[in-house]
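Comments concern the structure below.
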Amino acid sequence: MNNNLHVYNTLSRKKEVFEPLNEPFVGMYVCGPTVYSDVHLGNSRTFISFDIIYRYLLHLGYKVRYVRNITDAGHLEGDRDEGDDKFAKKAKLEKLEPMEIVQKYTLGFHDVMRIFNTLPPSIEPTATGHISEQIEMVKEILNNGYAYEKDGTVYFDVEKYDKDHPYGLLTNRKLQDLLEGTRELSGQDEKKGRLDFALWIKAKPETLMKWPSPWGWGFPGWHIECSAMSTKYLGETFDIHGGGMDLQATHHTNEIAQSQACNHTAPVKYWMHTNMLTVNGARMSKSAGNGFLPHELFTGDHPLLERGYSPMVVRFFMAQSHYRSTLDFSNEALQGAEKGFQKLMTAGETLNKLNAESESTVNVAELKANCYKAMDDDFNTPVLIAQLFDAVKMINSIKDGKEKINEADLNELKSIYNSFVVDVLGLKADELTQSSETELTADLIDLILNIRLDAKKNKDFATSDKIRDELTKKGIKIKDTKDGFEWEV
RNA sequence: GGUCUCUUGGCCGAGUGGCUAGGCAGUGGUCUGCAAAACCAUGUACGGCGGUUCGAAUCCGCCAGAGACCUCCA
C-alpha cells in the first residue's frame with residue numbers, strides 16, 4: 001500500500017515504518033474523554049490530532065476501525081482506590097443522577113467534536129456498557145496470578161508482573177526507580193505493593209453506580225475498561241493506540257500490563273502520544289482551572305481573549321504545530337492563524353475559478369510529492385501546511401496571469417487541494433447560515449455595490465468611498481476587480 | 001526528591017551535521033483614482049559557555065531558564 005508512512009512509536013522512541021498487522025485493515029484505539037465535565041480545548045487538541053491521523057490513514061486507502069471510548073464509570077477522584085468516582089461527586093454537586101451527568105457531558109463532547117469537524121469514530125463504546133467484559137478480564141488476570149483480592153477489591157500485582165514482563169516499558173523506567181518515586185500513601189492501605197492499582201473496587205453502601213461481581217458489588221477500576229474494550233473490538237493485538245501524553249505513565253502503562261497479564265501478548269504495535277496544549281507555558285488542565293472551553297474561544301468570552309475565533313481557525317491553528325510538540329495559546333498566535341487560514345480558504349475559492357491554458361509553467365507533481373512526504377513523516381502537518389502555502393502562491397500567481405496551468409495540472413491541483421485541505425486536515429470555509437435572510441442580505445449588498453460601481457464610472461469617488469467605508473464599518477470587506485467587485489463578510 | 005523533555009528572528013512554529021521551512025506582523029516595491037487583496041523583494045534566528053568536526057541550530061559536556069510525569073486530567 002504505502003510503505004513510506006513513518007510513525008513515531010512511544011515504545012521504541014523512534015520513528016518506525018508503518019506496517020499494519022493485517023493490511024489493509026488498521027485497528028486504532030484512542031482514549032476518549034471522562035464525561036463528568038465539559039471538554040476543554042486541551043482535550044480537543046488530542047481528538048483533533050487523531051482525527052487528522054485517522055483521515056490520513058483513510059486517505060491512503062486503509063480500512064480503519066477507529067475506536068474511541070467514553071469513560072462513564074470507574075474514574076476515581078484521588079489516588080486512593082476508594083471513595084466516590086468523578087460522576088457521583090459531580091452528580092451530588094449538580095443534584096442529578098450520575099447517568100444524567102454522563103448524558104449531559106457526552107452530548108456536549110459530541111457537539112464540540114462536530115463543531116471542530118472531526119469524523120466520528122467507527123465505534124464509541126462506554127465503560128458501563130462493558131462491565132461483564134471487564135469482570136471477565138479481571139477474572140482471567142486473577143487466574144493467571146497477576147492480581148489478588150482483598151475484601152471485595154481486586155488489585156493488580158505490579159511487582160509480581162514485573163518479574164515476568166518489564167512494567168515501566170512505555171516510559172522506559174525500571175521498577176526500582178518507579179518504586180522510589182512513589183510517594184508515601186497515608187492512611188490505611190490494603191495494597192501489597194505501592195504501585196499496585198485497582199482492577200475492581202468494592203462499592204460502599206451509598207455508591208450509586210455499582211454492579212454485581214464474583215467479589216461482591218462494586219465497579220471497575222479506571223484502566224481496565226480500555227483494555228477490555230480494545231480487546232473486544234480490535235483483538236488481543238492491534239495497530240495503533242493513542243492518547244494524550246499525560247496518560248502514558250499511568251493509564252497506558254497499566255493497560256499494557258493488564259492486557260499482557262490477561263492475553264499473554266503485548267496489546268499494541270504502535271503507541272502514539274499527543275502533546276499538551278499550554279496557556280502561558282503551563283499545561284491546560286481541568287484541575288489547574290486554566291482550561292478554555294471551546295465556546296469561550298468561539299465567542300471570545302474569556303478574560304485572556306481579546307475576541308472570538310472560529311472553530312476552523314482553531315483547528316488550523318492546531319494543525320500548524322506538530323502533534324508531539326506542546327502548543328502555546330495566545331491572542332497573537334490565534335490572530336496569525338486566522339489570517340493564514342483565510343488566505344488558504346480564499347485560494348481554494350480562487351482555484352475553482354481558474355482557467356486552463358494549453359501549457360503549464362508550474363510544477364504540480366512536485367507539490368503533490370511534497371505533501372505526501374510531509375504527512376508520511378509522522379503526520380507532519382506544519383510542513384504540509386507550508387507546502388499548501390506554496391500551492392496558494394501558485395494559485396494566486398496563475399490568477400494574476402504570472403503563471404500558466406494546463407487542464408491536467410489544474411485538475412491535479414484541485415485534487416491535491418481537496419485531498420489535503422478538505423479530506424486530511426478537515427478544514428472548510430466558515431459557513432454562513434444558509435437562510436433566505438442571508439440571501440436577501442447578499443442581494444442587497446450586490447445592489448449597493450452596483451450603485452457604487454456606477455458612481456465610480458462617473459468618477460463620483462466621494463460617493464463610492466462613502467459606500468465602501470460604511471460597508472467596511474459593518475464588517476463587509478470589498479475587493480475591487482478590473483471590471484466589477486467582490487465582497488466578503 | 002526521582003525520571004524525562006524543551007529553550008529557534010517581534011509573535012506562532014517546522015527542521016536534527018553543509019541546501020530559502022512556512023504563516024502572522026514589519027519594511028520597500030508592482031498593481032489600483034485611493035484602499036483592500038494579490039504578487040515581487042526584504043531579517044548576522046537558533047538560551048549561555050566549552051568540546052568533537054573541514055563544517056553544528058542540529059552531536060557531546062557543563063551552566064542557566066521553562067515545563068511534564070511520578071498524584072485525577074487529552
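To find a chain, count down the sequence lines: A is the first, B the second, and so on, and within it residues start at 1.
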*Within less than 4.0 Å of OP1 or OP2 of B:C70, is there a side-chain N or O belonging to A:Thr250?*
yes

*Grab the CG-P distance between A:Asp400 and B:A36 for me, whole Å please.*
16 Å

*Indicate the ring-plane relationship of A:Phe116 and A:Phe298, choosing parallel, tilted or perpendicular according to the 30° and 60° boundaries.*
perpendicular

*Parallel, tilted or perpendicular: which fits the ring planes of A:Phe109 and A:Phe47, with parallel below 30° and perpendicular above 60°?*
perpendicular

*Given atom CZ of A:Arg68 and atom P of B:A74, what is their separation to the nearest angstrom?*
12 Å

*asked:* Quick check on B:A38: is either OP1 or OP2 less than 4.0 Å from any side-chain nitrogen or oxygen of A:Asn396?
replied: no

*Could you tell me whether the side chain of A:Asn275 has a donor or acceptor atom within less than 3.5 Å of a complementary atom in the base of B:G67?*
no

_Salt bridge or not between A:Lys174 and A:Asp162? Use side-chain N to carboxylate O under 4.0 Å._
no

*So what does A:Ile478 hit on the nucleic acid, given a heavy-atom distance under 4.0 Å: a base, only sugar-phosphate, or nothing?*
base

*N/O (side chain, A:Asn380) to phosphate O (OP1/OP2, B:G15) under 4.0 Å*: yes

*Is any side-chain nitrogen or oxygen of A:Lys343 closer than 4.0 Å to OP1 or OP2 of B:C24?*
yes

*Hey, which of these two, A:Ser325 or A:Lys402, hits RNA chain B nearer its 5' end, going by closest nucleotide?*
A:Ser325

_Say we look at B:G48 and B:G65: how far apart would their P atoms be, to the nearest angstrom?_
15 Å

*asked:* Suppose you measure atom P in B:G22 against the same atom in B:G9; what distance do you get, rounded to whole Å?
replied: 16 Å

*Option passing side chain to side chain contact (heavy atoms under 4.5 Å, CB included) with A:Leu195 (candidates A:Leu178, A:Thr253, A:Thr250, A:Asn254)*: A:Leu178

*Taking the same atom, C1', in B:G10 and in B:G67, what whole-Å distance lies between them?*
23 Å

*Just call it for A:Lys399: base, sugar-phosphate, or nothing, with non-hydrogen atoms closer than 4.0 Å on any strand.*
nothing

*Check whether any side-chain N or O of A:Lys339 sits under 4.0 Å from OP1 or OP2 of B:A25, and answer yes or no.*
yes

*Got a donor-acceptor pair under 3.5 Å from the side chain of A:Arg468 to the base of B:A35?*
yes

*C1' atoms of B:A14 and B:C70, separation to the nearest Å*: 31 Å

*Give the ring-plane orientation class for A:Phe316 versus A:Phe341, where under 30° counts as parallel, over 60° as perpendicular and anything between as tilted.*
tilted

*If you measure from the C1' atom in B:U7 to the same atom in B:C49, how many Å do you get, rounded?*
16 Å

_Whole-Å distance separating the CD1 atom of A:Ile53 from the C1' atom of B:A74_ = 13 Å

*Kindly confirm or rule out a cation-pi arrangement of A:Arg324 over A:Tyr8, judged by NZ or CZ under 6.0 Å from the six-membered ring centre and within 45° of its axis?*
yes

*Let me know the distance between CG of A:Leu334 and C1' of B:A25, rounded to the nearest Å.*
15 Å

*asked:* Between the base of B:G23 and the ring of A:Phe389 - centre-to-centre under 5.5 Å, planes within under 30° - is that a stack?
replied: no

*asked:* Need to verify one output field. Residue with the more 5' nearest nucleotide on RNA chain B, A:Val392 or A:Leu277?
replied: A:Val392

*Nearest-angstrom distance, C1' atom, B:G13 to B:A25*: 14 Å

